[in-house]
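Notes follow the structure.
Just so you know, residue 1 is the first one in the sequence shown, and it goes up from there. Predicted model, so just to flag it, every value in this text is computed and none were measured.
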Amino acid sequence: MFLVALSFAYFAKALSGSYMKSTITQLERRFDIPSYLIGVIDGSFEIGNLLVIAFVSYFGAKLHRPKVIAVGCVLMSIGTFIIALPHFIIGRRWKNTFLCIDESNLSMWIYVLLGNVLRGIGETPVQPLGISYIDDFATEENAALYVGCVQTISVVGPVFGYLLGSLCAKIYVDIGFVKMETITITPADARWVGAWWLGYLIAGVITLLSAIPFWFLPRSLPTSEPQGSEKCTPEQTNFIKDPPLLNHKYSADKHTTFTAMAKDFIPTLRILLGHPVYLIYLCVTIIQLNSLIGMVTYKPKYIEQHFRQSASKANFLMGVINIPAVALGMFSGGLLMKRLKLNIMRAARFAFGTSLIGYILSLLFFAMSCENAKVAGVTLSYRSLEEVSYDKHSVVTACNANCFCSATEWDPVCGENGITYVSPCLAGCSSSAGSGKNTIFSNCSCVGAAGNFTASTGQCPHKDDCDRMFPYFLALSVITSFIISLGGTPGYMLLIRCIKPQLKSLALGFHALATRTLAGIPAPIYFGAIIDTTCLRWGKKRCGGTGACRIYNTAAYRIAYLGLTLSLRTISFIICIPGFVLLSRQLKKEERNAIHGVLANGSTELEALRREEFVISNCDQLQQTSDNTTDRETRL
């Protein structure tokens, strides 16, 4: 029952977390903010974790763990509802179009940040207390499988999170308040904002429901005896001891005062940080997670910008194709560890090998490129509309000089010649017919020499080369995700088993603290800042100031995004080398200590057994004498 409850909690937190990732471009456009600021919002979840995780992991392990997890789920739910709050405060997106009074409402993204911080605080106890609870009360051979199941469910959650994001991205942000036929943009437009707030309401309700079972679960569970005990005599059970190496359980029923726990915190933390294998593992996972978090955070955006897909389709593909491959890999890794009975060293080698193979395959992503969109005055010169170049071009030229157009406006139209123009005015169009998405602009002097060409709303597709390359990108993405995630569960079990049992909860908590502080918070920020440097055209806020990016240099985006991801993973592989050396030394030392312990234990037990046999033999002799006396008395 605890496994089911924890799996549902993992599902709920993973769903809301992945939904946050899926709404990145929607939030960016809704609040007119750059990518690095979106990274700050995304990293605020980790800030919430950072505030309390060390104390929750240490003190929570000595308290009623299921109830602590329940409180966390309630806080996560409240935070998720707060994220959706700005939509109901601001109101409709396009109201007060010409009034600067509405500009102050754009700072409402602060509510999103604060709600995400509260989500992070609430999520804190779920992982360290939940995993340690399972490992304490499950048999050793089943613990890896159970952890694999929980991790798999946590990867299934994002499937539904991204699908929910795909559905909400199709729905216009002000659904129910505007007539859709009056909207001139489509979901493929760089200005489209979906109903981002709707998914947060749904995710908040699911997270609140996940808290209910934990209120009714016990503080601890009965542990089963080793299978061999029933078949042994009392003397054998007393004599045959498990070596210390195999003892990784920790009793949760030891009641201690809060003051005593506080006094032990610093010395315990010092012991943990003095463990060389743990420190190497910490460094490797921090660097690997920097790569992973940055890559996952901006992958939907990469698909949108590089392969020119809508936000809805990008989220759908992430949920239906990519995430299931990760879930299957996580579960298969746990199953393989159980079937192959991998020890610590073999589990470490397995995790390293799968990560290395995935890394080599990921190099092929550099070859999967698409030509940049052809936009006059941005990627093309008005004088030469054939060759794409990234030199600084002017949007004002002879064909539109007399139109007195705004050079900062972004309202793209597609000319008959297959070229995108920044606005109807900059395309030289002098008249229009129709309404909404069906508007047709005519007499566009920049589109053709005769000046009687037309243009339609939105950017030109230009998707031929991308449509051919995109399936290969998806296939390679699925294969690499599956291979890398195979090593996820063995790698996680390495963390649990390489330290003493009484340090387990603190080790898991501090690991989460360090990875969130040094990976979860900075990675989305610096990935976003680097991606911002590849922007070719920034949007402008209604009352001045830079808004969200409208079009990127896709070649520079690809090199920056993939190059940073793979460079970090290269560094992590180098650090693994001393890690294997230290792990090998630790295992040999523990094996020697275990053998010495068993021999010393065995000699003591043997001596006690001999004494017991001596006492029994004396008792037998006395009994025999007593029996003989009784026989004589009977005969007399």
Could you tell me whether the side chains of [X] and [Y] share a donor-acceptor contact shorter than 3.5 Å?
X      : Y      : answer
Ser16  : Thr207 : no
Ser210 : Lys13  : no
Lys21  : Thr297 : yes

Exercise. Among all residues two or more places apart in sequence or in another chain, which pass the side-chain hydrogen bond (donor to acceptor under 3.5 Å, both in side chains) test with Asn49?
Worked result: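 Glu123, Arg516.
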
Under the 3.5 angstrom rule, does the side chain of [X] hit a backbone N or O of [Y] as a donor-acceptor pair?
X      : Y      : answer
Ser584 : Phe580 : no
Ser166 : Tyr162 : no
Gln309 : Ala314 : no
Ser567 : Leu564 : no
Asn315 : Ala311 : yes
Ser572 : Gln288 : no
Thr354 : Ala351 : yes

Would you say that [X] contacts [Y] through its side chain, given a criterion of any heavy-atom pair below 4.5 Å between the two side chains?
X      : Y      : value
Ile271 : His275 : no
Arg65  : Pro125 : no
Leu6   : Phe11  : no
Cys168 : Tyr19  : yes
Leu15  : Pro158 : no
Thr80  : Asn116 : no
Phe365 : Thr480 : yes
Ser18  : Phe160 : no

For [Y] together with [X], are the ring centres under 6.0 Å from each other?
X      : Y      : answer
Tyr278 : His511 : no
Tyr526 : Tyr36  : no
Tyr561 : Tyr298 : no

Rounded to the nearest 0.5 Å, what separates atom [atom1] in [X] from atom [atom2] in [Y]?
X      : Y      : atom1 : atom2 : answer
Ile24  : Ser35  : CD1   : OG    : 8.5 Å
Thr285 : Leu518 : OG1   : CG    : 10.0 Å
Met337 : Leu486 : CE    : CG    : 13.5 Å
Leu317 : Ile323 : CG    : CD1   : 11.5 Å
Tyr302 : Phe527 : OH    : CZ    : 12.5 Å
Leu583 : Tyr281 : CG    : OH    : 11.5 Å

Hey, is [atom1] on [X] packed in by over 12 heavy atoms from elsewhere, all under 6.0 Å?
X      : atom1 : result
Tyr111 : OH    : no
Phe331 : CZ    : no
Phe316 : CZ    : no

For this session: Could you check whether the rings of Tyr200 and Trp196 sit parallel, tilted or perpendicular, using 30° and 60° as the cut-offs?
Result: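 Perpendicular: the ring planes of Tyr200 and Trp196 meet at over 60°.
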
Exercise. Which class fits the ring pair Phe307 and Phe470: parallel under 30°, tilted 30 to 60°, perpendicular over 60°?
Worked result: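 Phe307 and Phe470: tilted rings.
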
Exercise. Where do Phe482 and Ser332 come nearest, in terms of heavy atoms and distance?
Worked result: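 Smallest interatomic distance, heavy atoms only, reads CE1-OG, 4.2 Å.
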
For this session: Identify the two heavy atoms, one from Phe81 and one from Leu201, that lie closest to each other, and give their separation to 0.1 Å.
Result: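 Smallest interatomic distance, heavy atoms only, reads CE2-O, 3.6 Å.
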
Exercise. After noting the C-alpha distance and the side-chain angles of Lys313 and Glu304, does the key distance pass the salt bridge (charged side-chain N to carboxylate O under 4.0 Å, His left out) rule?
Worked result: CA-CA 8 Å; Lys313 186 174 181 181; Glu304 290 175 48; over 6 Å; no

